[in-house]
Every structure is written in structure tokens, then in C-alpha cells.
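For ligands, and for the atoms within them, numbers begin at 1 and follow the listed sequence.
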Amino acid sequence: MSGRLAVVGLGPGDARYLTEEARLALDEADALYGYGPYLDRVPEHPGQSRHASDNREELGRAAAALDHAASGVRVALVSGGDPGVFAMAAAVCEAIDTGPAAWRGLDLAVVPGVTAMLAVAARAGAPLGHDFCAISLSDNLKPWAIIERRLAAAAEAGFVIALYNPVSKARPTQLGVAFAILLRHLPPSTPVIFGRAVGRDGERIAVVNLARAAHEPADMATLIIVGSAMTRVVARPNRPPLVYTPRAAAEVRG
Ligand code: SAH
């Protein structure tokens, strides 16, 4: 039997969001690797070993999973959402890029999942209906100055912006700074969607405007979508508002 590593996206929440491909990759695995809370979402299989790790040790976790796969085992390494979006797939590619030559010969599969941005957008309507981008506000792997520049450039260019990792215990104030930067480039009425724990217990969706956004609660389980100047909110009787970005953009003048 030859080794295999599947980097598997679990989607944003419970088992409803798992694709058939992901379910198969998990069922077939002899060993499961991943951050503890993600592993807890995967149903137990007899004979399958589990290797939970800390969320911050991504490269170490990737190397351990690759080593195990190289020994001839079928390994699944799990990520929440999509494994390619601020998650394990890039860490695995990085490890293969810089690691032992044997890792390049491994059967590697990246199995996509529904990323948080898409799950939150779907709850609100169609805020990503026109051009958009995603920015992680975590400065663990990049300087904060880059984040500030990208926020300004993205807002100025008219992108709807999905903000991953909006706050952490170590970064209680940066989200407020981010909204202040965005307010320099966008109207105060710009719709902002807060989606917390989407697809899981305690899901919460809130729509506010950019001027109010800094007062809205957010934590590490929250994904924020900041509209563009084109994004619209449609009020509905006895239903939450619909937020969408029209498919067509007008010519930019000036
Ligand atoms: N690979 C993941 C993202 C990892 S970064 C994905 O594709 O979704 C972690 C960030 O993702 C969190 O700080 C939060 O911003 C967002 N996130 C992950 N799951 C979420 C969920 N169920 N609801 C809202 N945001 C979520």
C-alpha cells in the first residue's frame, strides 16, 4: 500500500456542509491530523488514529502528516472551511517545497470545502455578486502595514472585501483601525455583514452600515463582508434584509 495525503476542507459548520469527496477522503483515511476542534467534527471510525495539534503549529503539523503519509499510510489532514483559504493546504505545499525530496513523490489531494466567506454571503443574499477579495486581518504571518495598504487599495478599487480572522485576544483594537481606514474610501452607509459561527450552533448574522461597524461585536468565529459603494440592502417585511452587489458596475470616471 502506498501513502497518500488528503488535505480536506470540512466546510464552515456541521456535516451538512461536508462534500461527498471530503466524506470519502475522511472515511478512507488510516490517520487523521488537524487542529483539535476541527478533528472533533469528524465522526469516529474504528481503527483510525487521531493526531490533534495546536492551531498555531501549521508547518509542524504539515510535516508530521507528510512524514506519516510517506511511511505508506493514508492520511487526512483537516481544515475548517476550505483548506486553501488561510489554512493547511498552503502549509503542506510549503513543506513539500522546502522538505525532503521523498515528499514530492507522494500522492497528494487537496479536497475543497465551502469557505466561510461563501457561507456568510449565502445567508445575506449575494454580497459577492460582483468583484471581491479576501483579506486576513491576522498579522501573525505578515506585517500590519501590509494589511492597512491592502484594505485601502481594495476599497479604493471597488472590491467587496471579506475579512477573515477579524480579531483575536492579542489584537483587540485592529478591527477598529481597519474600519477607520475603510471609511476613508467608502461611504458611511456601505453595508457590512457580520456572520458568526455560520452553519454551527449559535449562528448569528447581522447587517449594519460601515459607520456603525466598529460597535458591532466580532470574535475569531466571525467573518465580516464589507460591501463596495455599489452594494445594496433590500428591506423585506418580517424577513432579514437582502444584501447584494449588482452584477454590473458603471464606468469609473475621473
Ligand atoms: N479555512 C477557513 C478559514 C480559516 S481562517 C475557511 O475557508 O473558512 C479562520 C477564520 O475563518 C475565522 O477567524 C473566521 O473569520 C472565519 N470562519 C471560519 N469558520 C467560520 C464560520 N463557521 N462562521 C463565520 N466565520 C468563520
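For ligand 1, the atoms lying closer than 4.0 Å to a non-hydrogen atom of Ala87 are 1 (N). Counting atoms of ligand 1 from 1 in the listed order, those under 4.0 Å from a heavy atom of Thr222 are 14 (C), 15 (O), 25 (N). Interface of Met220 with ligand 1, defined as ligand atoms under 4.0 Å from a residue heavy atom, comprises 12 (C), 13 (O), 14 (C). Each of the atoms 6 (C), 7 (O), 8 (O) of ligand 1 lies under 4.0 Å from some heavy atom of Thr115. Those atoms of ligand 1 with a heavy atom of Phe86 less than 4.0 angstrom away are 4 (C), 5 (S).
Shortest contact from atom 11 (O) of ligand 1 to any protein heavy atom: Tyr164 CD2, 3.4 Å. Among protein heavy atoms, atom 21 (C) of ligand 1 sits closest to Val198 N, 3.6 Å. From the protein, the heavy atom lying nearest to atom 9 (C) of ligand 1 is Asn165 OD1, 3.3 Å. Nearest to atom 3 (C) of ligand 1 among the protein's heavy atoms is Val85 O, 3.5 Å. The closest protein non-hydrogen atom to atom 2 (C) of ligand 1 is Gly80 O, 3.3 Å. For atom 17 (N) of ligand 1, the nearest non-hydrogen atom of the protein is Ala116 CB, 3.4 Å.
Leu59 and Ala91 get closest at one heavy-atom pair: CD2-O, 3.6 Å. In terms of heavy-atom proximity, Thr245 sits nearest to Pro127 at OG1-O, 2.6 Å.
Side chains of Ser136 and Asn165: a donor on one and an acceptor on the other come within 3.5 Å. One side chain, Thr115 or Tyr164, offers a donor N or O that lies under 3.5 Å from an acceptor on the other.
Enclosure of atom CZ in Arg236 by more than 12 non-hydrogen atoms of other residues, nucleotides or ligands within 6.0 angstrom is indicated. Within a 6.0 Å sphere centred on CZ of Arg232, heavy atoms belonging to other residues, nucleotides or ligands number 12 at most. Summarising the local packing, CG of Asp40 is surrounded by more than 12 heavy atoms from other residues, nucleotides or ligands at distances under 6.0 Å. Applying the 6.0 Å contact sphere to CD of Glu28 captures more than 12 heavy atoms from other residues, nucleotides or ligands.
Under 4.0 Å from ligand 1, the heavy atoms of Arg200 that appear belong solely to its side chain. Heavy atoms of Pro166 found under 4.0 angstrom from ligand 1 belong exclusively to the side chain. Of all the heavy atoms of Ala221, the ones lying under 4.0 Å from any atom of ligand 1 belong exclusively to the backbone.
Aromatic ring orientation, Tyr33 versus His68: perpendicular (interplanar angle above 60°, classes split at 30° and 60°).
In terms of polar-atom proximity, defined here as any N/O pair under 3.5 Å, Pro12 does make such a contact with ligand 1.
The pair Arg200-Asp14 does not meet the salt-bridge criterion, since no charged nitrogen lies less than 4.0 angstrom from a carboxylate oxygen.
Taking a 4.0 Å cut-off on heavy atoms, Gly195 registers as neighbouring ligand 1. The shell of residues lying under 4.0 angstrom from ligand 1, judged by heavy atoms, excludes Gly13.
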side-chain hydrogen bond (donor to acceptor under 3.5 Å, both in side chains) between Asp30 and Gln48, intermediate numbers included: CA-CA 5 Å; Asp30 306 306; Gln48 209 174 44; over 6 Å; no
